[in-house]
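Throughout, protein chains are lettered first and strands after them, A, B, ... in sequence-line order, and every chain is numbered starting at 1. Source: prediction; values computed, not measured.
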2 protein chains.
Amino acid sequence: MKSSNLKNKRPTLQDVADLVGVTKMTVSRFLKNPDRVSPPLQLKISVALDNLGYIPNRAPDILSKSKSHAIGVLLPSLTNQVFAEVIRGIETVLEPAGYQTMLAHYGYSKEAEESRIATLLSYGVDGLIISESYHTDRVRKMLSVAGIPVIEIMDSVSPPIEQAIGIDNQAAAYAMTEFMIQRGRQKIVYFAARMDQRTLLKIKGYENAMQDNDLTPLCLRTNSASSFTLGATFLKDALQQQPDTDGIFCTNDDLAIGALYACQKAGINVPQDISIAGFHGHDISRAMVPLLATVITPREEMGRLAAEHLLSRLQGNPVSQRIIDLPFHLEVGESI
Amino acid sequence: MKSSNLKNKRPTLQDVADLVGVTKMTVSRFLKNPDRVSPPLQLKISVALDNLGYIPNRAPDILSKSKSHAIGVLLPSLTNQVFAEVIRGIETVLEPAGYQTMLAHYGYSKEAEESRIATLLSYGVDGLIISESYHTDRVRKMLSVAGIPVIEIMDSVSPPIEQAIGIDNQAAAYAMTEFMIQRGRQKIVYFAARMDQRTLLKIKGYENAMQDNDLTPLCLRTNSASSFTLGATFLKDALQQQPDTDGIFCTNDDLAIGALYACQKAGINVPQDISIAGFHGHDISRAMVPLLATVITPREEMGRLAAEHLLSRLQGNPVSQRIIDLPFHLEVGESI
DNA sequence: CCATGATTTGTTACAGGTAACATTACCATA
DNA sequence: TATGGTAATGTTACCTGTAACAAATCATGG
């Protein structure tokens, strides 16, 4: 019955036990199942817990059982609507299951990705949801050594570390390009920002569709983040490089909306003069005038599925399907 | 020299030590400062660490030193651009300082807030950044017992638990309303969603401004989340309840943009027929046609300052200023 | 060549909760 | 009353990294 709490630090089970006059084991039993202690103690312990404001400490559990009940989620960015919706999907599943989400982002830098994964692992996360398909050897080594389930999201093509859930970005871009061509567009320019794996795949899809129709692709690209103003800048560049541009396909809705507004300001009629299409189908693209043509992707479902499969793996089930390819669909809108 | 790693779990310091033939204490010394072990050992340890792919474990530290190097951030929502930018500001400061951000959200539910705070504390976070100004007694008790620095963000008015950093939402709403009135608007309707503390303050600011000018306030409200479509719905309601409505002030940009698009679709000229103003000044409001009038708030700076003050407190400094009131400013745009 | 001090490595204990095992208390029945 | 059995509670050890202290090793100068 050693007493601690000399320096008014946060109360421990021992403090509660001291107050009641039992050992901390008894209090621990009460916490897991109140019926495992005698009725009079139940009351006294319950009162003591309340009085002290006891908050459990997960560290001992992580230490002795390697179970943190935390899931690490590592995404390129948090200020991107796409990932915000993925996160919502993930939490929809993890939170009711009693898992805490530890969120981190790496700003599209492979170096930062390594350090973020190390940090998440150092907190003993029970599983990881990461994005992108390409990872450095050090990342692969860390993940293999950690021995926890890992799910990659966003893209469904590359061979996954263990399991991938996403869409076929290349096919989606091909489909939208093909659709614009069928609508009579010939000089379609692709706007690409943030040259990550998925953007490269989309560019490939666009270029393939153009070439399959004997058209010449033209892709404007930058490594910086996409934004509405970047869309406007790209529009100016495109018209300079190819004055008879009649279509614009953007790697995301932000660029597309920026380009569309720039057209409105410049007196260019959309879609009569130029067609514009985006990617992802954010709320705003479904509300604006004119409605934006875009590729609708199942972002929230992607997160939900990733979390569900992770939980299943944590329950000991094996990987059921290495690659889960989710459907996308084209929203025609009024801008094509 | 007891050997573990029988069940190929993640390697510990002991495993590294066994491989080198020293005690784990020696390896621990190397990790903190390589020069504290002899040069030949430096090499051997370094190789062993690499071979095994050792990843440190923070649990013992949390246990014995109550230092997790993690900061809990609790916000109402993550799928809201406002909070995404706050988070970016926070991470801009915390990440270089070696702190991991543990993000959680509670969907505007006080009950969920309690449980999220308990969870964050159970992971031994070193400090907390939370939002809103009203908290239940249980939350206040938990925070006081935890004995860690807490900073409240978003609003600068209510008496903080320890320290608050935000803007004066009521004054901001008053200023924008006053401005619209000066521009000749008389029948201004307020659109409010997600009735949290800050929204109530903004409504109060709007109502005060209207009354000070002998105008009758009319506020449309709902508890559901704001969205572009909600803005459109509200517009219809407003015109029905008050056909000669000549101004709309929205609690955020999403509602304002939704209302603006709905006007465009309905052939209502903005701002000739109706003025529209939003709140927060998101990227899109600065790019769209017409440019949206809005209240520009220092969201990223708010996060940055909160993190900086938290770090200062973690270094032992006292609270320097209980309430830090950040400036906002009005963006006139083209919609008023 | 030994004493002295500096450098390097080892030993022990601790943080908080819980599994596994040990003990005590209590009641019912022979 | 003794015995058996169950219910209630206590004891010990463990998980990992490191502070604090202890011991061993080495180099240097008298």
Side-chain angles (χ1 to χ4, degrees), chain A residues 1-7 9-18 20-45 48-49 52 54-69 121-124 126 145-147, chain B residues 1-7 9-18 20-45 49 52 54-69 118 121-124 126 145-147:
Chain A
M1 206 204 282
K2 54 182 149 176
S3 73
S4 37
N5 215 347
L6 303 169
K7 349 179 162 181
K9 25 176 269 200
R10 153 174 165 187
T12 67
L13 269 197
Q14 185 67 58
D15 298 321
V16 180
D18 289 351
V20 178
V22 293
T23 61
K24 54 182 183 165
M25 194 62 227
T26 306
V27 183
S28 170
R29 286 193 181 99
F30 172 85
L31 286 176
K32 302 212 85 182
N33 179 358
D35 289 337
R36 280 179 34 197
V37 305
S38 60
L41 269 189
Q42 286 178 24
L43 183 65
K44 280 166 80 180
I45 292 176
L49 286 169
L52 290 178
Y54 173 76
I55 299 163
N57 183 345
R58 280 202 200 265
D61 250 38
I62 303 177
L63 202 46
S64 55
K65 291 202 285 299
S66 306
K67 276 267 164 283
S68 62
H69 277 263
L121 292 176
S122 79
Y123 283 100
D126 294 341
V145 157
Chain B
M1 205 205 279
K2 52 183 150 176
S3 74
S4 35
N5 215 348
L6 303 169
K7 350 180 163 182
K9 26 175 268 200
R10 151 174 168 187
T12 68
L13 268 197
Q14 185 66 58
D15 299 320
V16 180
D18 289 351
V20 178
V22 293
T23 59
K24 54 182 183 164
M25 195 61 229
T26 306
V27 184
S28 169
R29 286 194 182 98
F30 172 85
L31 285 176
K32 301 211 86 181
N33 179 1
D35 289 337
R36 281 177 34 194
V37 306
S38 61
L41 268 188
Q42 286 178 24
L43 183 66
K44 282 166 76 181
I45 292 176
L49 286 168
L52 290 178
Y54 174 75
I55 298 163
N57 183 344
R58 279 202 200 263
D61 251 39
I62 302 177
L63 200 47
S64 54
K65 290 201 286 301
S66 307
K67 275 269 164 282
S68 63
H69 276 262
L121 292 176
S122 79
Y123 284 100
D126 294 342
V145 158

Under 4.0 Å, heavy atoms only, any strand: does B:Ile62 hit a base, just the sugar-phosphate, or nothing?
nothing
Taking C-beta and beyond as the side chain, do B:His69 and A:Tyr123 meet within less than 4.5 Å on heavy atoms?
yes
Would you mind reporting whether A:Lys24 and A:Thr12 have side-chain heavy atoms less than 4.5 Å apart?
no
Using a cut-off of strictly less than 4.0 Å, decide whether A:Thr26 has a side-chain nitrogen or oxygen near OP1 or OP2 of D:dG10.
yes
Is the distance from OP1 or OP2 of C:dG17 to the nearest side-chain N or O of A:Tyr54 less than 4.0 Å?
yes
Presence of B:Ser28 side-chain N/O under 4.0 Å of D:dT18 phosphate oxygens OP1/OP2
yes
Taking only the side-chain nitrogens and oxygens of A:Lys67, find out if one of them lies under 4.0 Å from OP1 or OP2 of C:dA19.
no
Give a yes/no on whether any side-chain N or O of A:Lys32 is located under 4.0 angstrom from OP1 or OP2 of C:dA19.
yes
Going by heavy atoms in the side chains, are B:Tyr54 and B:Leu31 under 4.5 Å from each other?
yes
Report yes if a donor N or O on one partner sits less than 3.5 Å from an acceptor N or O on the other, where the partners are the side chain of B:Arg29 and the base of D:dG17; otherwise report no.
no
Pick the nucleotide of DNA chain C nearest each of A:Lys65 and B:Thr23; which residue has the one closer to the 5' end?
B:Thr23
Can a side chain N or O of A:Ser64 be found less than 4.0 Å away from OP1 or OP2 on D:dT16?
no
